[in-house]
Structures are given as structure tokens and as C-alpha cells.
Amino acid sequence: MSLRTRLLILVIAAMLVPASLVGLRFVQNRSSEINAALANLTATADDIASDLDEKIQGTAQLHYGLARARDLDTRDKAACSAFLSEVREEYPQFTGILTIDPNGSLFCDSLRTDRTLDLRDRAYFKQALVSRGVVIEPVFGRLTGLSVLQIAYPVRSETGALKLVLLASFNLRKFAEFHDKRLLAEKEILLVDSKGTVLVAPSGGGWGEPVGSSIAGSELLRFAATPDQKAFQEVTDREGRTHVWAVAARSPSTRDAGLYILVGRSKDGLVAAANRRLHEDMAILAVASLLLLAGVWILATVSVGRQVGRLATMAKKLGLGDLSARIAPPHPRGELGGLMTLLNDTAESLQQQRAAIADLNQKLSQSQKMEAMGQLTGGVAHDFNNLLTVILGNAEHLADSLAGNKELHRIAGDIATAAERGADLTRSLLAFARKQPLRPRDIDIAGKILDMEPLLRRSLGEHIECSVALDADLWLTSVDPGQLATALLNLVLNARDAMPDGGKLTIVVNNTSLGESDLDVNGEPRPGDYVMVAVTDTGSGMTAEVAGRAFEPFFTTKEVGKGTGLGLSMVYGFVRQSGGLVQMQSEPGHGSSIRLFFPRLATQPHEDPPLAERITALDGSETVLVVEDDDMVRAYVENELKALGYRIIATSNGPAALDLLRQPGDIHLLFTDVVMPGGMFGPELARQAIQLRPELKVLFTSGYSQNPVKMPDGVGDARVLTKPFRRKDLAAMLRAALSAPSR
């Protein structure tokens with residue numbers, strides 16, 4: 001017996017048990033489908049009953065509304081009937097809406113028949129006489145002759161006396177037709193009352209009793225009246241056809257009114273669908289078995305065991321995370337060989353992606369860390385600047401007051417010097433956080449570096465060779481010249497410290513264009529045209545770990561007392577705040593290269609604004625409105641301005657300042673902080689203040705500003721006094737603002 005035959009026999013033997021189980025499962029599925037179809041009958045009946053209950057509730061709400069309508073509170077029969085006719089047009093589910101007097105006679109109705117009816121014999125009217133809620137009863141309407149559900153509501157006066165009975169006749173036939181269309185004629189709907197009267201008969205041909213006939217005493221009516229005894233009822237008609245019926249049991253309102261909702265289906269149709277599904281499933285099983293046998297025959301014919309084993313080994317290694325695994329050649333021809341090549345290529349691609357993901361994760365972590373530290377340092381520096389403003393100002397005041405006491409005068413001077421050093425520290429922090437107030441100008445960087453070259457050479461010392469290479473026709477950039485000089489000096493001093501035994505420093509400036517693959521130190525791409533300033537040294541260089549933290553504030557490899565660790569962080573923040581990026585290359589023993597990229601100026605440079613006229617008198621007598629949220633800073637500014645002769649009005653927020661500006665009285669200048677709590681910052685306050693007083697002068701003060709301070713259109717450039725400030729700076733900026741020409 002061949003191997004193929006043995007394999008086929010083994011496969012057939014192995015298939016017998018699952019095939020039997022699958023066949024048994026199909027039979028069970030047939031039984032489950034029949035049970036599900038039966039359960040669906042009950043669910044359908046309950047759904048119809050629930051819908052009818054909602055219609056009853058909606059009618060009750062309509063009654064409540066009509067009972068309070070003035071058009072109904074009238075003895076004008078024609079007007080009342082006209083009003084109800086308009087209401088009935090909005091609710092076509094009712095055959096009619098009418099009112100009944102307490103004596104049982106019809107007063108007005110939506111059909112405008114002018115007929116006289118005595119409804120005292122109706123059960124719903126009798127019950128409405130003693131009820132305070134909605135009363136329902138299934139009947140045949142006397143005006144229409146249709147099967148309806150009468151929904152009555154007694155309208156009573158404030159004393160409880162019956163004024164009238166509102167009656168809405170809900171059309172049961174239309175209600176059944178709607179649900180019959182929804183069921184697509186798969187099921188039949190039967191509505192009967194508690195006496196067995198057929199209110200709505202099924203539309204199909206399988207039902208023999210017409211509307212209005214009685215099925216009293218039948219097994220179906222007994223089943224409808226006591227649905228809890230069994231779930232379904234089979235009924236055989238005169239022609240021998242059997243139907244299965246289910247009755248709604250979830251609507252107590254309709255059952256209390258004596259209305260039974262039954263849903264039925266032909267037993268043959270119910271079973272036929274399940275039988276058809278069974279035959280289809282068995283056919284699919286047979287075809288699948290034949291296909292499986294054919295596939296086994298083909299696989300047994302082709303020797304694939306060894307190749308499949310190689311594939312399985314490769315897949316197992318990949319599943320264990322070994323992306324270096326490969327299927328060694330030779331590879332067979334055809335699909336198996338192609339699959340082996342594909343697995344090898346996939347493993348190679350996954351290995352590269354893993355390395356790329358690890359690199360991106362490291363860069364993302366670094367970027368998030370730098371951003372978080374920037375937020376922290378920026379907030380600290382802002383609050384610290386407010387404190388330094390008070391310390392520096394009071395130190396100056398003490399120094400002036402203690403001029404006759406040398407020792408105390410020196411101590412006051414030391415306090416002022418320490419405050420200024422603290423201001424330098426906060427400026428570095430704000431530079432890293434990208435929140436320092438910049439004063440960018442359209443400049444030629446090459447010219448600025450040439451002006452600084454003597455200073456840079458003196459800073460390096462004679463033991464370090466310095467060379468500067470500047471390209472011709474450099475693009476213009478918009479940069480703060482002072483911050484550029486500070487940043488360049490920081491880089492040169494760091495390079496000097498990395499070459500204690502001498503070396504070479506090179507400064508290169510040229511035009512360059514960056515693409516998506518050119519990343520800054522945080523791994524972010526910023527493509528575009530830039531002017532690059534590169535500072536390269538031949539010093540000791542940095543390890544990868546040190547280079548990764550080089551731009552963090554307070555990180556330094558220098559000895560205690562020889563560095564704050566804020567130099568490179570300040571450079572990084574200044575360049576990023578200027579819209580550029582920073583790149584760095586460094587290896588131990590091979591020096592370092594730090595490249596700063598400043599965006600190319602897109603528009604033509606504008607002329608520098610004219611210098612302010614020199615201020616000779618620093619005091620004044622004008623009225624100044626001071627807006628400062630920090631109590632200590634506000635108190636300091638008040639004292640200083642009063643000492644200079646100004647009249648002061650002070651407040652802590654923008655809305656209060658606007659209230660003061662709306663009041664009469666002279667106010668010549670608004671002196672306001674840029675960032676304040678309460679939702680209104682200084683620029684917005686200035687905009688509204690100038691609308692109130694067009695001749696008002698404005699001077700801003702700020703501990704930091706993430707964005708440039710912008711004045712309203714047509715006002716001109718904003719004047720900003722940066723915290724902390726000395727008394728002379730405050731006085732000079734104040735006079736400059738007051739002396740500026742009127743708008």
C-alpha cells in the first residue's frame with residue numbers, strides 16, 4: 001500500500017468522528033432554529049404590544065394637552081368640532097376624536113357628523129365617570145363601524161366635577177396593517193377582545209374567521225386568556241393546515257382592557273426554513289470533505305515535508321523574537337521558495353523597523369524631557385523675576401538711604417549685585433524655555449560675527465588657533481543681535497574649556513537647505529532654508545551619554561563652582577525661539593561641532609526704527625495707571641513712581657483697570673504687566689484701554705513673554721520694560737513712553 005493511500009485512509013478515519021459531530025451539530029442547529037423561530041413569534045407579539053402601549057401613552061399625553069386647550073372649553077359645538085377636526089388631521093392614526101357630555105351624549109367630534117349618540121352603555125364611559133386616568137376598551141366604532149381602541153380621558157374641574165370625557169378612537173386595522181408590512185407577510189397578526197370577537201383578522205389566506213365573528217370557547221381564545229400555561233398554541237383549520245400562535249404578555253394596559261394580540265405562522269413554513277438550512281449545511285460539509293481529501297492527495301504527491309519543516313523552524317524563531325533568523329539557501333522553486341524569500345525579507349525589514357523604533361523612542365523621550373523641563377524652568381523664572389524686581393528695587397533704595405554708612409551701603413550694593421546675577425540666571429532659564437523677550441532685527445550674521453571676532457579671539461587665548469570662514473552673499477535673518485552674541489560667546493567659551501592644552505576653533509557661516517531627514521538635537525525635522533553658524537573645536541569631545549544631556553539646564557561636567565550648566569541650554573532655547581534648530585556632533589577625542597540654523601528672511605528687510613530721543617529729565621507729574629497682579633511688585637512700582645513725582649492709580653487686574661478708565665479724570669499712561677491671571681493679558685487690556693482713551697500712552701512690563709508683545713493696529717511698536725529692572729530703567733522707559741508723539 002502506497003504512502004499516499006495510507007495517508008488518505010488515515011485522513012478518512014480521522015474525519016469520521018468530526019464529521020459525525022458536525023452532522024449532529026447541524027441537526028441541533030435545525031432544532032435551535034425552530035426554537036428561535038418560535039421564540040421570535042413571542043418577541044414579535046410583545047413588540048407589537050409594546051408599540052401599541054406607546055401609542056396609548058402618546059394618546060394619553062394628547063388628551064392631557066387637549067384638556068387644557070381653550071378651544072375645547074366651549075359650548076359652541078361647531079367650533080369644538082372644527083378644532084378636533086384640525087387635531088385629527090395631525091394624528092391620522094385615529095378614526096375620530098370627540099367629546100362626551102357627563103350625561104353620555106355626544107357633543108362634538110372631529111368627523112363633524114352632527115349625529116346624536118348615547119354612549120352611556122359603553123364600558124369605557126362608565127369607567128371614565130369614576131376614574132381620573134385614561135380608560136381604554138376595544139370596540140367597533142358606532143360612527144365608522146371600524147375596529148378601534150377607544151381611549152377615554154375624564155376632564156374634571158378644579159373641584160373634581162366631571163366636565164366632559166375626551167375620546168380618541170385608535171384605528172386597530174391600520175395599526176395591524178403597518179406591522180403586517182413590517183413583517184413582510186412572514187407572520188400573521190390577530191387581534192381579539194376578551195369575549196372572543198375578532199377585531200382584526202390575518203390578511204393571509206390561512207385564517208377562516210372574518211372580522212366581527214366570534215371564536216368564543218375555542219382553544220385559541222383560552223390560550224390567549226391564559227398565556228402563562230404554555231408558550232405556544234397549534235391550531236388546525238378546516239382544511240387541515242396547522243398554524244403556531246403566540247400571544248403578547250408584556251402589555252398590562254391592553255390585557256386589562258381585554259385586548260389580546262396574537263402572532264402566528266404556518267408550521268410548514270416555520271419548519272421548512274430550518275430543513276432547507278440543514279440540507280445546505282450537509283451539502284457544504286460533503287463538498288468540504290471532498291476538497292480536503294483532494295488536497296491531502298495532492299500534498300502527499302508532492303514532497304513538501306522538508307521544506308515545510310524549514311519554514312516552521314523559521315516561523316518559530318520569528319515568533320520568539322529572533323529577527324536575525326534566516327532560511328539559508330538553496331531555496332526550492334515555486335511558491336515555497338518565494339515564501340522563504342519573503343520570510344527572509346520580512347525578518348530583515350522587521351529588524352530595521354525595530355532599530356528605527358528604538359531610535360525614535362529615544363528621540364521622543366528626549367524631546368518630551370526637554371519640553372517638560374522648559375515648561376518648569378520658564379514658570380520658575382517668571383515668578384523669580386517678580387521677586388528679583390522687588391529685591392533689586394529695594395536694594396537700590398537701601399543703598400541710596402544708607403549712603404552715609406559705608407558698611408550698610410556695601411551690604412545693600414551686594415544685595416543688588418546678587419539680584420542682578422539672579423536676573424542673569426533667569427534670563428538663561430527663559431532662553432532655554434523659549435520665553436525670553438527677544439528683540440529680533442533683520443541682520444547680516446556675517447557682519448555681526450566679524451564685529452565680535454576680536455572679542456572671541458581674546459576670550460580663547462593665544463594657545464588656541466581661531467579661524468572664521470564666511471560665505472559670500474549670505475541670506476538675511478531676523479535675529480536678536482544681543483542674544484546671538486551671547487550664544488556665540490557661550491559656544492566659544494565651552495570650546496576653550498574643552499581644549500585646555502590648545503587646539504583649533506573654526507567658525508563657519510554659510511547658506512544651507514534642510515530636508516525631512518535633517519533633524520535637530522531632539523529628533524525633530526524642520527525643513528527649509530537657513531543660515532548656518534557652525535562652531536567646531538578639536539577638544540576632548542563628549543560621550544554619547546553626555547551629548548544626550550548636553551542641552552539640559554544645570555547639567556555640566558565641570559567641577560563645582562566652574563559652571564552653571566546653563567550655557568548650552570540658553571543657546572538651544574534662543575535658537576528654537578528664533579524659529580531655528582540646533583545640531584551637534586561629538587566623539588571622545590575627536591572634538592565637537594555645534595551648528596546653529598537661523599531661518600532665512602522671507603521678506604525684504606525693513607529699516608531699523610529711529611532711536612528714541614535722549615531723555616534728560618527722568619521725573620514727571622503725570623497720572624499713571626499701574627496694573628500688576630503681584631502685590632509686592634505693585635507696591636514697589638507705586639513707591640518708585642511716587643518718588644519720581646507721578647500721581648499713581650494702582651489695580652491688580654485688567655477688568656478693574658478698565659473700570660477706572662471709564663471714570664472721569666486724567667490718566668496719561670497705562671503701565672501694565674503682560675501676563676496676568678483672570679483671562680485678560682496686558683495686550684488685550686491695552687487694546688480696550690486705547691479704544692476708551694485714544695491718547696493714552698502704554699508701557700508694558702514682563703518677566704517673560706512666549707510671544708512678541710503686539711499692540712493694536714495703527715498704534716505702533718510696543719514698549720516693554722523687562723523684569724527685573726532698576727529705578728533708572730523704570731524712569732527712563734516711563735519718560736520715553738510719555739514723550740512719544742501722539743497717535
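Checking side-chain atoms of S349 against main-chain N and O of D345 turns up no donor-acceptor pair under 3.5 Å.
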Test side chain to side chain contact (heavy atoms under 4.5 Å, CB included) applied to Q688 and M680, step by step: CA-CA 10 Å; Q688 297 190 32; M680 180 179 289; 3.6 Å; yes

Intermediate values then yes/no, side chain to side chain contact (heavy atoms under 4.5 Å, CB included), L190 and V198: CA-CA 8 Å; L190 173 64; V198 178; 4.0 Å; yes

Worked check of side chain to side chain contact (heavy atoms under 4.5 Å, CB included) between C80 and T99: CA-CA 9 Å; C80 177; T99 63; 4.2 Å; yes

Evaluation steps, side chain to side chain contact (heavy atoms under 4.5 Å, CB included), between I189 and V200: CA-CA 8 Å; I189 301 174; V200 177; 5.6 Å; no

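A salt bridge links D659 with R662: at least one charged nitrogen is closer than 4.0 Å to a carboxylate oxygen. A salt bridge is absent between K174 and E177: the closest approach of a Lys/Arg side-chain nitrogen to an acidic carboxylate oxygen does not fall below 4.0 angstrom. Between D51 and R182 there is no salt bridge, since none of the side-chain N atoms of the basic residue sits less than 4.0 Å from a carboxylate O of the acidic one. Look at D101 and R75 and you find a salt bridge, because one of the NZ, NE, NH1 or NH2 atoms lies within 4.0 Å of a carboxylate O, short of that distance. D193 has no carboxylate O lying under 4.0 Å from a charged side-chain N of K195, or vice versa, which leaves the two without a salt bridge.
Ring geometry for W245 against H243 counts as parallel: the plane angle stays under 30°, on a 0 to 90° scale with 60° as the upper cut.
Side-chain atoms of L167 and Y124, non-hydrogen and from C-beta on, do get closer than 4.5 Å to each other. A 4.5 Å side-chain heavy-atom check between L52 and F170 finds at least one atom pair inside the cut-off. In this structure the side chain of F140 reaches within 4.5 angstrom of the side chain of S147, judged on heavy atoms. No side-chain heavy atom of L220 sits less than 4.5 Å from a side-chain heavy atom of V192.
A side-chain contact (heavy atoms from CB on, under 4.5 Å) with F83 is found for exactly one of I97, D76, L72, namely L72.
When all heavy atoms are compared, the tightest approach of G217 to L221 is N-CD2, 4.2 Å. Residue L199 comes nearest to P138 through the heavy atom pair CD1-CB, 3.5 Å, listed as atom of the first residue, atom of the second, then distance. Shown here for A248 and A45, the closest heavy-atom pair between the two residues is CB-O, 3.3 Å. In terms of heavy atoms, L106 sits closest to K77 at O-NZ, 4.4 Å.
In R156, the CZ atom is crowded: over 12 heavy atoms of neighbouring residues, nucleotides or ligands sit closer than 6.0 Å.
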Solution key, residues 57-64 side-chain donor-acceptor pairs under 3.5 Å, sequence neighbours excluded:
from, atom 1, to, atom 2, distance (Å)
T59, OG1, K55, O, 2.8
H63, NE2, I151, O, 2.9

